[in-house]
2 protein chains.
Amino acid sequence: MDDATQQDARNTEREQRILDAALTLITHYGYDKTTVDDIAREAGISKGAIYLHFKSKVALFEALVLRESDLLAEELIQRVMDDPQGGTIFSIFGHSLSIFAANPLLKALYTRDRRILGDLFRSISKNTMQEQTFAYGVEFVEQMQAAGLMRQDINPSVLAYLLSALRYGVLTVDDAIEITDAPPIEAVSAVVIDMLHRSFAPEGGDSEAGKQAFMRLIEFGREIIRQRQASRAQ
Amino acid sequence: MDDATQQDARNTEREQRILDAALTLITHYGYDKTTVDDIAREAGISKGAIYLHFKSKVALFEALVLRESDLLAEELIQRVMDDPQGGTIFSIFGHSLSIFAANPLLKALYTRDRRILGDLFRSISKNTMQEQTFAYGVEFVEQMQAAGLMRQDINPSVLAYLLSALRYGVLTVDDAIEITDAPPIEAVSAVVIDMLHRSFAPEGGDSEAGKQAFMRLIEFGREIIRQRQASRAQ
DNA sequence: GTTTGACCAAATTAGGTATTTCAGTCAATT
DNA sequence: AATTGACTGAAATACCTAATTTGGTCAAAC
């Protein structure tokens, strides 16, 4: 390993340390209350050094979101592939529920949680947020229906709305409604997967074409991740 | 009709006018921004007259919630009884979704919408809100399971959580997530009912015992309404 | 007997100023 | 060359006081 490469590795390592620090502080105190100085101290470096890696506080936050979002996507694919009953779009939905629930930053982003996003709540557009959070829009549902992964006799905009509502609801009810002893998210996800499968899986079981479409979907997801990582490395 | 009765009728008529005025203004401008004077003017009477009917602004609001909540319960029972496919707990859930979505005040109460509740957000406890909004808690689900109206092989606290999340999500997603051309709530409710029925109805179709339990549930609801109206009339 | 609206105290808001905080820079240090 | 932290201007916050609003009352009007 030559000097330049070693230098590079140390650089990325420190960048990750900065992002780790930012993640801890922001998810705990919120974006507004977390100062660049706080992040630097938590990462064990000076404030100036932060600016050797990120051109602004917002840029740092965006980099953090990208990192978390890629990690989540990778973990999601991993879990779906590992799940013996995982070969459906509904299992993707369910596993993503679990993972989102466990990721305070992306959960806050998806649910537009002002307590954590602070001022960013206004400045980041709804679209930006959803791009990073794998929304289930109408177009997506239509594609799934066309690919034979979802029942085609259900109005796609109704189904898309229902999936969004379900996801948003599971991630946010307990903020608004008093829930005595909330069940573990994994248990909820499992029931959700079963429910969606019973209700919206195409009649007649898994077709070979369906499985292929599912694998194309996974591959497509991986491709997106690769592209984003490449464009970030420039 | 003697004088006293006529007087009484005029009195209730005016009380309803006040509540109508309050409903319009509060759902439009929020509780804080709506003054007692505003309500009086909208109802075409003086501020003093308001206090002949309600001892305070909060008492007026509480009376409004009770009225709306009773009306909603009556309409719900009506719709469920009118629906040819209405004889299940899931149709109650679905119809209540539609009716809640169409009732800005109770929707705001259930979703704890600060924009409408204003200061009341803090002063009204979570429990009070839910009492008036027909929550689907664990105990309720357990009762439904015991009565044979819901599958018994599903963890009641998971199911209760899921139902709450679904309801909360459907009523609030569009506040947080960009939804292009949201479908009509009736269409969503229909799909929700079908989904819940496929997923959580007991195996083996509607039993006679199930139907009886359902009718007991309806009768129980009516009884609650009667009691509340009686206690209000004193 | 009813209903009104002027009236009051309490609370909220407006407006303005002093103080502090903080993102971002860069000369000095290592 | 890499890193630091004192420094700066802009922005947010705290603080104060004056002005306004508003829930609730009650003597006067109807």
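Because the structure is a prediction, the values reported are computed rather than measured. Numbers restart at 1 for each chain; the letters A, B, ... are given by sequence-line order, proteins then strands.
- A/His53 has its NE2 atom 11 Å from the P atom of D/dA2, to the nearest Å.
- Taking every heavy atom of residues 22-36 of chain B and every atom of DNA chain C, no pair lies under 4.0 Å.
- Salt bridge annotation for A/Arg216-A/Glu223: absent, with no cationic side-chain nitrogen under 4.0 angstrom from a carboxylate oxygen.
- Applying the ring pair (Phe, Tyr, Trp, His ring centres under 6.0 Å) criterion to A/Phe61, with sequence neighbours excluded, gives A/Tyr31.
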Could you list all N or O pairs between the protein and nucleotides 4-12 of chain C that sit under 3.5 Å apart?
residue : atom : partner : partner atom : Å
C/dT4   : OP2  : B/Ser46 : N            : 3.2
C/dT4   : OP2  : B/Ser46 : OG           : 3.0
C/dT4   : O5'  : B/Ser46 : OG           : 3.3

>> Would B/Arg17 and B/Ile45 count as a side-chain contact (heavy atoms from CB on, under 4.5 Å) here? Give the steps.
In response: CA-CA 10 Å; B/Arg17 259 207 346 268; B/Ile45 57 175; 3.7 Å; yes

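- Regarding A/Asp37, its CG atom lies at a distance of 10 Å from the P atom of D/dG5, rounded to whole Å.
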>> Show, in sequence, the C-alpha distance, side-chain angles and deciding distance for A/Arg67 and A/Asp70, and conclude whether the side-chain contact (heavy atoms from CB on, under 4.5 Å) test is met.
In response: CA-CA 5 Å; A/Arg67 185 187 78 165; A/Asp70 281 354; 6.0 Å; no

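- As a whole-Å value, the separation of A/Ile18 CD1 from D/dT4 C1' is 14 Å.
- In this entry the distance linking CD1 of A/Ile50 with P of D/dT3 reads 12 Å, nearest Å.
- Atom CZ in A/Arg17 sits about 10 Å away from atom P in D/dT3, given to the nearest Å.
- A/Arg41 places its CZ atom 13 Å from the C1' atom of C/dT21, with the value rounded to the nearest Å.
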>> Between B/Val170 and B/Ile185, does the side-chain contact (heavy atoms from CB on, under 4.5 Å) criterion hold? Intermediate values first, please.
In response: CA-CA 9 Å; B/Val170 169; B/Ile185 180 67; 3.8 Å; yes

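- For the pair B/Ile39 CD1 and D/dG24 C1', the computed distance is 13 Å after rounding to whole Å.
- Listed for the B/Tyr161 side chain is no donor-acceptor partner under 3.5 Å among the backbone atoms of A/Asp181.
- Side-chain contact between A/Phe54 and A/Ile18 is present, with heavy atoms from C-beta onward closer than 4.5 Å.
- Using a 4.5 Å cut-off on side-chain heavy atoms (C-beta onward), A/Arg112 and B/Asp175 make no contact.
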